[in-house]
Amino acid sequence: MLALLGLAMLGTLFPFAIAAINAIKTVEDYTARGPLALPNSFDLSAIKDFWQNVDYTNKLLNSILISGAVAVLGTLISVLNAYALGVGRIKGRKSVLLLLLLATTIPQEALIYPLYYLAKGVGLYDTKLVVIIISAVMSSAFGTYLVASVLSAFPSEILEASRIDGAGRWQVLRHVVVPVIWPTLTVLTTFFFIWTWNDFFLPLIMLVSNDNQTASVALGSLQGQYTSSPTSLAAASLMGILPAVAFFLIFQRTLTRGTVAGAVK
């Protein structure tokens, strides 16, 4: 089991390691020694050129803002919806959950046409807000289904005791339900952040100005510009992967705790 886990981790880190090795090479070193060889010298010129050419600082801040906002807003919408479905026991609960489950299977390409004209109509096209709203709502379909499944098994005795003590619906949600399912919410928030960070299609269509573009769109625009420079491509790949890897490593313990807590419950 440990051997399989080690192989899985190695397979995951291998592309990142290759990108890091080639990002610090010179073009001459890459041509002479190949992509898998260790560099003879430590050269950061490819990373510096990429950072300056695409204004990566701005793209990075845009991605952090959009991904963070989607993670928080999507989780909040999921909790409110799931609270009504899982605890409130509204009529047609199973039908609503089935509809949300089916909604997660719809590709973005099928929705982008009406979303494009809707954004144009309300004056939000080419703004970060439109990507935040659309991504949060689309992510909340899966989040609602997940959290509602957890809340469907929530101990009714705890809810009844809270109501007997005089707690209202909002107090029950804030002081009773959310603390119990907090590990699940942290996992969901982390997933929403990573999914939004890696999203390419929606920001490509909705964010056309250079000041609003995200890091993923900036990386996609380099495909034709730097095809003759493998070190520049490696530097672009490294800069695209590195923030997501760093975020995952920082919240790795949170993800592990949340998954284990959810399994125990």
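Hydrogens, waters and symmetry mates are skipped; everything else that's a heavy atom, side chains included, is used.
To the nearest 0.5 Å, atom CG of residue L76 and atom CG of residue L80 are 4.5 Å apart. Once rounded to the nearest 0.5 Å, the distance linking CG of L97 with CG of N81 reads 10.0 Å. Distance CG/L99 to OG1/T104: 10.0 Å, rounded to 0.5 Å. Taking OG1 of T105 as the start and CG of L102 as the end, the distance is 5.5 Å to the nearest 0.5 Å.
You'll find the side chain of F192 reaches within 4.5 Å of the side chain of T75, heavy atoms only. Looking at L85 and L100, their side chains come closer than 4.5 Å, going by heavy atoms from C-beta outward. Residues Q108 and D199 have side chains in contact (heavy-atom distance under 4.5 Å, counting atoms from C-beta outward). Between M206 and L115 the shortest side-chain heavy-atom distance falls below 4.5 Å.
With hydrogens and angles disregarded, no donor-acceptor distance shorter than 3.5 Å links the side chain of T144 to the backbone of A141.
Residues I112 and L207 share a hydrophobic cluster, clusters being chains of Ile/Leu/Val/Met/Phe/Trp/Tyr side chains in contact below 4.5 Å. In this structure, Y117 is a member of the same hydrophobic cluster as L124, with clusters built from ILVMFWY side-chain heavy atoms closer than 4.5 Å. Hydrophobic clustering places I106 together with Y116 (ILVMFWY residues linked when any side-chain heavy atoms are closer than 4.5 Å, directly or through intermediates). W170 is connected to W182 through a chain of hydrophobic side-chain contacts under 4.5 Å among Ile, Leu, Val, Met, Phe, Trp and Tyr, so both are in one cluster. Linking Ile, Leu, Val, Met, Phe, Trp and Tyr whenever their side-chain heavy atoms come within less than 4.5 Å leaves F191 and V137 in two separate clusters.
F201 pairs by the ring pair (Phe, Tyr, Trp, His ring centres under 6.0 Å) definition with nothing, not counting sequence neighbours. Among residues two or more places apart in sequence or in another chain, the side chain to side chain contact (heavy atoms under 4.5 Å, CB included) test is passed with P107 by E109, A110. Looking at residues two or more places apart in sequence or on another chain, you find a side chain to side chain contact (heavy atoms under 4.5 Å, CB included) between V172 and Y83, L159, S162, A167, V176, V177. For F142, the ring pair (Phe, Tyr, Trp, His ring centres under 6.0 Å) test picks out W195, with sequence neighbours left out.
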Legend entry - From CA spacing to verdict: side chain to side chain donor-acceptor pair (under 3.5 Å), N212, S209: CA-CA 6 Å; N212 291 327; S209 63; 3.0 Å; yes

Legend entry - side chain to side chain contact (heavy atoms under 4.5 Å, CB included) between M138 and L111, worked out: CA-CA 10 Å; M138 294 179 66; L111 301 174; 4.0 Å; yes

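The heavy-atom pair separating L204 from V217 by the smallest distance is N-CG2, 3.7 Å. Closest approach of T186 and T190 over heavy atoms only: O-OG1, 2.8 Å.
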Can I get a per-line list of side-chain donor-acceptor pairs under 3.5 Å for residues 55-73, giving both atom names and the distance, sequence neighbours left out?
| unit_1 | atom_1 | unit_2 | atom_2 | d |
| --- | --- | --- | --- | --- |
| Y56 | OH | M239 | O | 2.5 |
| T57 | OG1 | W51 | NE1 | 2.7 |
| N58 | ND2 | D211 | O | 3.0 |
| K59 | NZ | V54 | O | 2.9 |
| K59 | NZ | N210 | O | 3.4 |
| K59 | NZ | N210 | OD1 | 3.0 |
| N62 | ND2 | N58 | O | 3.3 |
| N62 | ND2 | D211 | O | 2.8 |
| N62 | ND2 | Q213 | O | 3.0 |
| S63 | OG | K59 | O | 3.2 |
| S63 | OG | A215 | N | 2.8 |
| S67 | OG | S63 | O | 2.8 |
| S67 | OG | W197 | N | 3.4 |

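Residue pairs that meet the side chain to side chain donor-acceptor pair (under 3.5 Å) test with at least one member in residues 133-142, sequence neighbours left out, do not exist here.
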